[in-house]
Asker: 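One structure, pasted below without further comment.
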Amino acid sequence: MRILVTNDDGIYSPGIAALAKVAKKFGDVLVVAPDVEQSSMGHAVTHSRPLSYKKSPIEFPNIEAYRVNGTPADCVAMGTHLWNDIDVVLSGINMGPNLGNSMWHSGTLAAAKQAVLFGIKGIALSTPVGKTEPDFDLLESYVEHTLGLLLKDTELALYNVNFPPNPKDIAWTRQSVRLYDGTILPDTDPMGRKHYWFTVTPLEPADEGTDRWAVENDLVSITPLRLDLTDETALAEKLAQ
């Protein structure tokens, strides 16, 4: 199996090193990641300037690795240029969850989506982060088990995976869709200049069976996704009018 590993946290992230290590157990691995952090970049692609790639300053044992001056989606495009016949793109392990509505702006998931747009299976993997880095050694067996489940199916598919800090089991889930209270918090920098932080607070609890509910209950959440955003019910109602 030929596996392209990327992320949105950048080539220096311990999460991508942890993912590449496990991915190596399933086949040949190529790492192509952003040269700087691209969190919450969404599915942006670079079109107004040329892209370039350089050898990774971080060593990935027995794995070829490069950094790209672009977005996560750019990295997938560059990876498919550098390497033919890729079977799957793994994106992560992201330092922070990608649950519910955050899927819309996730650079981690965008890389997996870009893979599917190219006709390649895409899997995004994330885990919460607190005051300390995630314990990737603790998560390793669950990452391997999850990849074992998802890689044995050769059909084109898109998955969003989230690991709780201390997993107990694995659950198939749906996306948690909740309303949020968006707030702008003003502050000042050390020079006395105003700046602002955009924050959100969930207005509703997570429903059982959703990705957020699973992670809150120490379950690895695996959510199958699709690129077709069509609201089939609304479309059928409009066509029937």
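We number each residue from 1, following the sequence as shown.
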Asker: By the ring-ring contact (aromatic ring centres under 6.0 Å, His included) test, which pairs, at least two apart or in different chains, include something from residues 82-128?
Answerer: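 For residues 82-128, and leaving out neighbouring residues, there are no ring-ring contact (aromatic ring centres under 6.0 Å, His included) pairs at all.
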Asker: Begin with the C-alpha distance, continue with both residues' side-chain angles, and end with the deciding distance and a verdict on side chain to side chain contact (heavy atoms under 4.5 Å, CB included) for R193 and T188.
Answerer: CA-CA 5 Å; R193 297 170 298 196; T188 56; over 6 Å; no
Asker: Hydrogens and angles aside, do T230 and E232 bring a side-chain donor and acceptor to less than 3.5 Å of each other?
Answerer: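 No, because no side-chain N or O of T230 sits under 3.5 Å from a partner of the opposite role on E232.
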Asker: Considering non-hydrogen atoms only, spot the tightest contact between M103 and N98 and give its length.
Answerer: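 M103 and N98 have their closest heavy atoms at CG-O, 4.3 Å.
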Asker: Looking at side-chain heavy atoms only, is the closest gap between V31 and N7 below 4.5 Å?
Answerer: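 With C-beta onward as the side chain, the pair stays apart.
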Asker: Hey, does the side chain of T146 reach the backbone of Y142 with a donor-acceptor pair shorter than 3.5 angstrom?
Answerer: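 Judged by distance alone, yes, a pair lies under 3.5 Å.
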Asker: State, yes or no, whether a side-chain contact exists between L19 and L125 at a heavy-atom distance under 4.5 Å.
Answerer: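 SC-SC contact between L19 and L125 confirmed.
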Asker: Linking I/L/V/M/F/W/Y whenever any side-chain heavy atoms sit under 4.5 Å apart, do V32 and V89 land together?
Answerer: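 Yes, because V32 and V89 connect within a single hydrophobic cluster, where side-chain heavy atoms sit under 4.5 Å apart.
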Asker: Do T210 and D207 get their side chains close enough for a donor-acceptor pair, meaning under 3.5 Å?
Answerer: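 Not at all, the side chains of T210 and D207 share no donor-acceptor pair under 3.5 Å.
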Asker: Would you say the side-chain atoms of S91 pair up with the backbone N or O of T108, donor to acceptor, closer than 3.5 Å?
Answerer: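 Yes; judged by distance alone, with no hydrogens or angles, the pair exists.
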Asker: Can any side-chain N or O of N69 pair as donor or acceptor with the backbone N or O of S52 at less than 3.5 Å?
Answerer: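 Checking the backbone N and O of S52 against the side chain of N69, a donor-acceptor pair under 3.5 Å is found.
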Asker: Could you go through L158 and I123, starting from their C-alpha distance and side-chain angles, then the distance that decides it, and tell me whether this counts as side chain to side chain contact (heavy atoms under 4.5 Å, CB included)?
Answerer: CA-CA 6 Å; L158 175 63; I123 304 173; over 6 Å; no
Asker: Enumerate the residue pairs fulfilling ring-ring contact (aromatic ring centres under 6.0 Å, His included) with a member in residues 21-66, sequence neighbours excluded, ordered by first and then second residue.
Answerer: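 Only Y53-Y66 qualify under ring-ring contact (aromatic ring centres under 6.0 Å, His included).
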Asker: Do Y12 side-chain atoms and E37 backbone N/O form a donor-acceptor pair below 3.5 Å?
Answerer: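 No; judged by distance alone, with no hydrogens or angles, the pair does not exist.
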Asker: List the residues meeting side-chain contact (heavy atoms from CB on, under 4.5 Å) with E140, not counting sequence neighbours, and say none if there are none.
Answerer: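 Result, side-chain contact (heavy atoms from CB on, under 4.5 Å) vs E140: K21, V22, K25, D137.
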Asker: Do the side chains of L150 and I222 get nearer than 4.5 Å, heavy atoms only?
Answerer: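 The answer is yes; the side chains approach within 4.5 Å.
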Asker: Please tell me if the side chains of L235 and L239 come closer than 4.5 Å, counting only heavy atoms from C-beta onward.
Answerer: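 Result yes, sub-4.5 Å side-chain heavy-atom pair found.
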Asker: Hey, are T173 and S221 close enough side-chain-wise for a donor-acceptor pair under 3.5 Å?
Answerer: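 Yes, side-chain donor-acceptor contact under 3.5 Å.
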Asker: When you check the gap from the basic side-chain N to the acidic O, do R2 and D85 get nearer than 4.0 Å?
Answerer: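 Between D85 and R2 there is no salt bridge, as every charged N stays at least 4.0 Å from the carboxylate O atoms.
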Asker: Hey, any chance M78 and I16 share a hydrophobic cluster, counting ILVMFWY side chains that come within less than 4.5 Å of each other, even indirectly?
Answerer: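 Per the 4.5 Å side-chain linkage, M78 and I16 are not co-clustered.
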Asker: For the residue pair F163 and V143, establish whether any side-chain heavy-atom pair is separated by less than 4.5 Å.
Answerer: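 The answer is yes, as the side chains (C-beta and beyond) meet within the 4.5 Å cut-off.
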Asker: Is the number of heavy atoms from other residues, nucleotides or ligands under 6.0 Å of D153 CG greater than 12?
Answerer: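 Result for CG/D153: enclosed.
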Asker: Is L147 linked to L4 within one hydrophobic cluster, defined over Ile, Leu, Val, Met, Phe, Trp and Tyr using a side-chain heavy-atom separation of less than 4.5 Å?
Answerer: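 Shared cluster, no.
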Asker: Applying a strict under-4.5 Å side-chain criterion to I, L, V, M, F, W and Y, I'd like to know whether L219 and W172 cluster together.
Answerer: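 Unlinked, L219 and W172 end up in two clusters.
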Asker: Output the distance between atom CE (M95) and atom OG1 (T127), rounded to the nearest 0.5 Å.
Answerer: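 Between atom CE of M95 and atom OG1 of T127 there are 9.0 Å.
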Asker: Say whether, by atom type as modelled, one donor and one acceptor occur between the side chain of Q175 and the main chain of G100 under 3.5 angstrom.
Answerer: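 At least one qualifying donor-acceptor pair exists.
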Asker: For N162 and P97, indicate whether the former's side chain and the latter's backbone hold a donor-acceptor pair under 3.5 Å.
Answerer: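 Not at all, since once roles are kept as given, no pair shorter than 3.5 Å links the two residues.
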Asker: Taking the side chain as every heavy atom from C-beta outward, state whether K54 and D35 have any atom pair closer than 4.5 Å.
Answerer: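 Counting from C-beta outward, K54 and D35 never come under 4.5 Å.
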Asker: Do T199 and T183 get their side chains close enough for a donor-acceptor pair, meaning under 3.5 Å?
Answerer: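 Side-chain D/A pair, T199 to T183: absent.
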Asker: Side chains of D9 and S39: does their closest heavy-atom pair fall under 4.5 Å?
Answerer: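 Sidechains of S39 and D9: in contact.
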Asker: Tell me whether L225 shares a hydrophobic cluster with L227, the cluster being built from Ile, Leu, Val, Met, Phe, Trp, Tyr side chains joined at under 4.5 Å.
Answerer: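 L225 clusters together with L227.
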Asker: Any non-hydrogen side-chain atom of F136 less than 4.5 Å from a side-chain atom of P14?
Answerer: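 When only atoms from C-beta onward are counted, P14 and F136 do touch, with a gap below 4.5 Å.
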Asker: Could you report the tightest heavy-atom contact between A33 and G10, atom names first, then the distance?
Answerer: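 Reported closest heavy-atom pair: CB-C, 4.3 Å.
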Asker: Show the nearest heavy-atom pair for residues E237 and Q241, with the distance to one decimal.
Answerer: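 It is O-CG, 3.2 Å.
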